[in-house]
Amino acid sequence: MSNNEKDFVKEVTPQAEDFSQWYLDIVLKTEMMDYAPIKGCMAIRPYGYAIWENIQHLLDRRIKETGHKNAYFPLFIPESLLQKEAEHVEGFAPEVALVTQGGNEKLSEKLVVRPTSEAIICEMYARWVQSWRDLPLLINQWCNVVRWEKNTRPFLRTSEFLWQEGHTVHSTEEEAQEETLKMLGVYQEFLENELAIPVIPGQKTEKEKFAGALKTYTIEALMADGKALQAGTSHNLGQHFAKVFEIKFQDKDDELKYAWTTSWGVSTRLIGALIMVHGDDRGLKLPPRVAPVQVVIVPIITKKKRDEVLLRSKEIAEELRGIGLRIELDDREEYSPGWKFNQWEMKGVPLRLEIGPRDLESGGVTAVRRDTGEKSFLPSESIPSQVPLLLQEIQDTLFRQALEFRKRKTFRPVDYNEFKRILEEDRGFLLAHWCGNSRCEEEIKAETKATIRCIPFDRDPEDKGPCLYCQKEGQLVYFARAY
RNA sequence: CGGGGCGUGGCGCAGCUUGGUAGCGCGCUUGGUUUGGGACCAAGAGGUCGCAGGUUCGAAUCCUGUCGCCCCGACCA
C-alpha cells in the first residue's frame, strides 16, 4: 500500500501491521458492535445487526425451502437434561452458565442457560414422535446461546451469540445422513452465493467433532491473514440422543425403534468471516447481497447548484429504491464529500454514486466501486439497469478474489519440515496426508498449532501417501491454524 | 488459567520518574465562510484521573488491595 493511499484511512490499523487490531478497529469504527459491560458480551449495533438480518432472511428462506419449520424452545435447560448424554455434557460442562436462584428462592434444580439446544429439544421431540408418520420432524430455531468463553473476540467468539440451530428426527440412518449432508450443502451454497465466501466442505476428525455427534461435517473458510475459520457445522447425531431422550417410534413393520437425529447451525460468527475474508486497509468490503446499504448516494453540494443537485439525488435514490435496492442518500451538509467517501468506504458500501454539478451537466452520475475503486460515468437513462449489474459484478468479483486468494494460500507440503515452514511464512491451508490416527493429529497440533480442519469431500481417493507425522499410508486432509 | 499491555472529558494520548490550580489533538456545541477524496476561522461546553483503602499540609503522580478491558497462548461456533 502506498503512502498516498494510506492517507485515506486515519482510523484503521493496516492489516500488515496488526491484523487483530485491524479487525477490532473495523468492528468498532464501522459501528457494527460495541463492548457491553459484561465480559465477552457485546451490543450488536444497527449496522452490524442489519447484516445479521440479511443473513437471517436469505438463509431462513433456504431452510424453509428444504422443508423445515421454525419454532422456539426454552432458554433454560434443567441441569439433569443436559447431563443425559455423556459426551455432550463433558463437552459443554466447562462453559455453561448456571442459574441457581429465581427471585428470592434457591432453585431445587439448577438451570443451565442453553449452550446449544439438543437436550431440551430432544426432550420435547420424545413427546412428539410416536409413529413413523411423525417423521421426519424438521425444525429450526433462531435464538441466542451462551457459552462461558475465556478468550473472546467480537463476532468470532463471544459469551453470548446469535445463531440458528436445526434439529431433525428421522426414521432411518440413511435419511439422517442425507439430511446432515443436505444442510451442509445449503450452508455452502449460501456462503458462496450470498456472502461471497468460498468454503471447503468436509468431515471433522474424531477429535474435532461435536460433543455427542456420530459424525460432524463442516465448511471451512480462509481468512485474509491465512487462518481458517469454521463457518458452519452439520452433525449426524446417530441414535445417541434418541436413546438417552427416548425418541422412539413405531415403524411400518410394527417394531418400536429409536429414531436418528441431526443438528446443524451457523452463527453471528459469519459476520466475522465477512469482515476477515473481504476487508482491506480501508475497511469493510461487503458483498452487495448482504450489505445493509448497497448504494450510497453522495451529492456534491455547491453553493450555486445546491437545490438542483439535491433534487436530482433524491430522484435517483427513489428510482433505485423503487427497484428494490437498499439505498442511503447522504445529504448531510455538515460533512464534506471527501469525508463521506472515506466513511462509506470504511463501512464497506459496495457502490457509491456521486452527483455534482458536472454530473448534472453531462446528464448522469459518477459510480465508484468499493471492490476495485473503479470509477465510471452512468448516463441517467442507464442507471436502473446498470446499477444492479454493477452490484452483481461486485458480488462476483468479491467471490472470485476470495477464491483466488484461497488457491494462492493452499499448499501441498512435501514433508513435515516444509509444512512447518509454510505455517510460519504463509499460513493458509495445507493439504497433506494423514494416517487417521488421533495421536499424529495431536502431536502436529502441539508442535505447530495447526489442526485438521476437515477431511474434504472433494479429494482423490487414489491420492495416498505417507502420513505427515508417522509416514504410514494416509489420505489427504486440510490443515490450518484456525480461529 | 498462564504470559504481556492498558485504565486520565465521547475517542486517541501526554502528565507520574522528582507529589503543589488537569493538558494536547480529534470529536462535540454556536456563528460564519466552504463542499468533486477526511475544509477553514472564531467563540464555547465537557474530566470526583477505573474503584477502595493508606502515606502526606497536599495524591492522576507514592504504597497496598481490588475490578475491568485488550493482545498472545491452552479450551471452544
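Worth knowing before you read on, the calculation uses all heavy atoms, side chains too, and leaves out hydrogens, waters and symmetry mates. A, B, ... follow the sequence lines: proteins, then strands. Residue 1 opens every chain. For clarity, every value in this text was computed on a predicted model and none was experimentally measured.
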Practice task
Flag yes if more than 12 heavy atoms outside A:K207 fall under 6.0 Å of its NZ atom; otherwise flag no.
Solution key: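 Yes, NZ of A:K207 has more than 12 neighbouring heavy atoms, counting only those of other groups under 6.0 Å.
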
Problem - Polar side-chain contact A:T302-B:G36 base: donor and acceptor under 3.5 Å - result: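 When only heavy-atom distances are counted, A:T302 does not reach the base of B:G36 through any donor-acceptor pair under 3.5 Å.
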
Practice task
Can you tell me, in whole Å, how much space there is between the C1' of B:U55 and that of B:A74?
Solution key: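 B:U55 and B:A74 have their C1' atoms separated by 42 Å.
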
Handout entry: Member of A:V349, A:I394, A:L390 meeting the side-chain contact (heavy atoms from CB on, under 4.5 Å) criterion with A:P288
Key =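 When side-chain contact (heavy atoms from CB on, under 4.5 Å) is applied between A:P288 and each of A:V349, A:I394, A:L390, only A:I394 qualifies.
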
Using a 4.0 Å heavy-atom cut-off, does [X] contact any base of the nucleic acid, only the sugar-phosphate backbone, or nothing at all?
| X | value |
| --- | --- |
| A:T216 | nothing |
| A:R352 | base |
| A:T233 | nothing |
| A:F92 | nothing |
| A:G356 | base |

Exercise for the section: Could I get the full list of side chain to side chain contact (heavy atoms under 4.5 Å, CB included) partners for A:P46, not counting sequence neighbours? Expected result: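 By the side chain to side chain contact (heavy atoms under 4.5 Å, CB included) rule, A:P46 matches no residue at all.
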
Problem - Contiguous pairing runs of three or more, Watson-Crick or G-U under 3.5 Å, that involve RNA chain B - result: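 The stems that RNA chain B takes part in, listed by first number, are B:1-7 with B:67-73, B:10-13 with B:23-26, B:28-33 with B:39-44, B:50-54 with B:62-66.
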
Practice task
Could you pull out the closest heavy-atom pair between A:F429 and A:L222, with the gap in Å?
Solution key: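 In terms of heavy atoms, the two residues are closest at CE1-CB, 3.7 Å.
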
Problem - Contacts of type side chain to side chain donor-acceptor pair (under 3.5 Å), residue A:S80, not counting sequence neighbours - result: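 Applying side chain to side chain donor-acceptor pair (under 3.5 Å) to A:S80 gives A:E109.
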
Handout entry: Test: A:E178 and A:K182 ion pair at under 4.0 Å
Key =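 The answer is no: the pair does not qualify as a salt bridge.
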
